[in-house]
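Worksheet: the structure to be examined is printed underneath.
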Amino acid sequence: MADVHGKNFNAKFNGADICSVESWTVNEGGDTARYATNKSGGIYTRADGLDDYTATINAVQDDTTPLDSILSKGSTGSFEFFENGTLKWAFTGIVESVSVNASPGDMVKYTINVAATAAPTTKPSTS
């Protein structure tokens, strides 16, 4: 088995590259129902519930294409997160928030939080 490295690492919104992406994170989670019964021995029992997918994109401001002209709070569309040239996550989603971090002498950085509005159409598989 080979490690997956970020060669051709990228993120896209509606098919277009998101400029100057430094990193991204996709969170695959969901609700877990917690309950107790007489048969659980004093320990909560849990059952899998609805799936939930979120993503965070960290990017540097590009002086030719401002990020807020591409993505802003409420933007909806298709998101693709490439681990390399072929492995990717893809889902439709909505931008929940955009944070800007600027310090004197440093590059302006954005953090964009996305929530899926449907199950992923593609999930990476190394098999």
Side-chain angles (χ1 to χ4, degrees):
M1 180 182 343
D3 293 337
V4 176
H5 294 275
K7 185 177 181 184
N8 300 320
F9 162 89
N10 198 5
K12 293 185 177 194
F13 175 65
N14 287 335
D17 289 343
I18 298 172
C19 305
S20 303
V21 172
E22 288 190 324
S23 66
W24 57 257
T25 304
V26 172
N27 300 304
E28 182 177 21
D31 296 330
T32 303
R34 182 176 85 161
Y35 59 93
T37 68
N38 290 340
K39 297 178 183 179
S40 64
I43 300 293
Y44 280 111
T45 302
R46 289 175 167 73
D48 195 18
L50 297 174
D51 291 338
D52 191 22
Y53 295 85
T54 59
T56 301
I57 305 163
N58 295 301
V60 175
Q61 176 66 353
D62 181 332
D63 63 355
T64 59
T65 309
L67 273 171
D68 58 1
S69 70
I70 301 168
L71 292 168
S72 58
K73 183 184 162 302
S75 296
T76 59
S78 62
F79 289 87
E80 294 175 291
F81 300 95
F82 291 86
E83 294 181 11
N84 62 21
T86 56
L87 299 176
K88 72 176 181 178
W89 292 85
F91 55 80
T92 57
I94 184 168
V95 174
E96 290 190 316
S97 66
V98 177
S99 302
V100 181
N101 184 350
S103 299
D106 287 343
M107 294 187 291
V108 176
K109 297 185 178 187
Y110 280 75
T111 300
I112 302 156
N113 294 302
V114 177
T117 56
T121 54
T122 306
K123 290 170 65 173
S125 172
T126 54
S127 56

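Scope of the values below: all heavy atoms of this structure, side chains included, with no hydrogens, waters or symmetry mates. In this chain, numbering begins with 1 at the start of the sequence shown.
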- [ ] Could you list the residues that satisfy ring pair (Phe, Tyr, Trp, His ring centres under 6.0 Å) with Y110, not counting sequence neighbours?
- [x] none
Task: Chi angles and distances behind the side-chain contact (heavy atoms from CB on, under 4.5 Å) call for Y53, K123 - done: CA-CA 11 Å; Y53 295 85; K123 290 170 65 173; 3.6 Å; yes
Open item on the list: I want to check something: taking the side chain as every heavy atom from C-beta on, are V21 and N58 in contact at a cut-off of under 4.5 Å?
Closed with: no
Task: Step-by-step side-chain contact (heavy atoms from CB on, under 4.5 Å) determination, T111 to V98 - done: CA-CA 6 Å; T111 300; V98 177; over 6 Å; no
TODO: Supply the atom-to-atom distance T117 OG1 to F79 CZ, rounded to the nearest 0.5 angstrom.
DONE: 9.0 Å
Open item on the list: Do V100 and V108 make a side-chain contact, defined as non-hydrogen atoms from C-beta onward lying under 4.5 Å apart?
Closed with: yes
- [ ] Please go through M107's hydrophobic cluster and name the other residues, only I, L, V, M, F, W, Y counting, with side-chain heavy atoms under 4.5 Å joining them.
- [x] V60
Open item on the list: Counting C-beta onward and ignoring hydrogens, is there a side-chain heavy-atom pair between K12 and K88 closer than 4.5 Å?
Closed with: no
TODO: Given side-chain contact (heavy atoms from CB on, under 4.5 Å), test E80 with F13 step by step and report yes or no.
DONE: CA-CA 7 Å; E80 294 175 291; F13 175 65; over 6 Å; no
Open item on the list: Distance check, rounded to the nearest 0.5 Å: T76 atom OG1 versus I94 atom CD1?
Closed with: 6.0 Å
Task: N10: which of F82, F81, W24 passes side-chain contact (heavy atoms from CB on, under 4.5 Å) - done: F82
Task: Rounded distance (nearest 0.5 Å) linking atom OG of S103 with atom NZ of K109 - done: 9.0 Å
Task: Distance (rounded to the nearest 0.5 Å) between L71 CG and N113 CG - done: 11.5 Å
- [ ] Determine, stepwise, if the pair V95 / I112 fulfils side-chain contact (heavy atoms from CB on, under 4.5 Å).
- [x] CA-CA 7 Å; V95 174; I112 302 156; 3.9 Å; yes
TODO: Working to the nearest 0.5 Å, report the span between CG of D52 and CG of N27.
DONE: 9.0 Å
